[in-house]
Amino acid sequence: MDSAEVDRSNMGEGRYANYAEIGHNAYEFVFDFGQAWPEGEPAKVYVRVVTSPETAARLRGALDNALSTYHGSFGDIRPPLEIEEEKRP
């Protein structure tokens with residue numbers, strides 16, 4: 001589907017997510033997104049998306065394409081700690 005064909009007029013607030021958990025059964029996939037902190041506090045889930053296996057497969061394809069484009073533009077994705085260590089003198 002072309003993104004120009006999507007109605008986003010009822011879209012809610014965007015939330016940052018650095019935590020994701022995925023579950024599934026024979027009929028659906030469940031994606032939980034939230035935020036986790038390194039201090040040991042439990043992650044807080046803000047959004048749950050429930051979808052069909054077919055839509056989950058299309059999401060995987062879209063994510064594969066986006067990651068490929070990202071790699072072409074910015075190189076490998078590295079953990080934040082590794083990047084911070086490179087910045088140190």
Side-chain angles (χ1 to χ4, degrees):
M1 175 178 288
D2 186 339
S3 63
E5 300 174 15
V6 177
D7 178 4
R8 290 184 172 83
S9 61
N10 292 318
M11 185 168 54
E13 174 187 354
R15 298 292 301 251
Y16 175 78
N18 65 355
Y19 172 82
E21 190 172 325
I22 303 171
H24 65 86
N25 60 35
Y27 306 103
E28 61 192 16
F29 276 74
V30 178
F31 298 89
D32 287 342
F33 296 99
Q35 194 164 5
W37 295 267
E39 296 85 32
E41 294 180 41
K44 293 187 179 180
V45 174
Y46 296 118
V47 177
R48 172 170 279 181
V49 176
V50 181
T51 191
S52 68
E54 294 83 8
T55 300
R58 287 196 308 271
L59 177 61
R60 178 185 177 193
L63 187 56
D64 285 344
N65 288 338
L67 286 168
S68 178
T69 300
Y70 181 95
H71 286 300
S73 297
F74 305 108
D76 290 338
I77 297 172
R78 298 178 299 154
L81 183 59
E82 186 178 307
I83 295 168
E84 286 300 315
E85 288 174 353
E86 285 182 5
K87 290 180 183 178
R88 293 184 186 154

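Just the heavy atoms: all of them, side chains too, but no hydrogens, waters or symmetry mates, feed the values below. One-based numbering along the sequence shown. Just so you know, these numbers come straight off a predicted model, no measurement behind them.
- Proximity of Y19 to K44: side-chain heavy atoms (C-beta onward) are nowhere separated by under 4.5 Å.
- Aromatic ring orientation, F74 versus Y70: tilted (interplanar angle from 30° to 60°).
- Distance check, rounded to the nearest 0.5 Å: OG of S52 to OH of Y27 gives 13.5 Å.
- The closest side-chain heavy-atom distance from F33 to R15 is not below 4.5 Å.
- Side-chain contact between I77 and H71 is present, with at least one heavy-atom pair separated by less than 4.5 Å.
- Annotation: the span from D32 atom CG to R48 atom CZ amounts to 4.0 Å, rounded to 0.5 Å.
- Grouping the Ile, Leu, Val, Met, Phe, Trp and Tyr side chains by contacts below 4.5 angstrom, directly or via other members, places V47 with I22.
- With hydrogens and angles disregarded, no donor-acceptor distance shorter than 3.5 Å links the side chain of D76 to the backbone of R78.
- The shortest heavy-atom contact between P53 and A26 is CG-O, 4.1 Å.
- Two residues are said to be in side-chain contact when any heavy atoms from C-beta on lie closer than 4.5 Å; L59 and F29 fail this criterion.
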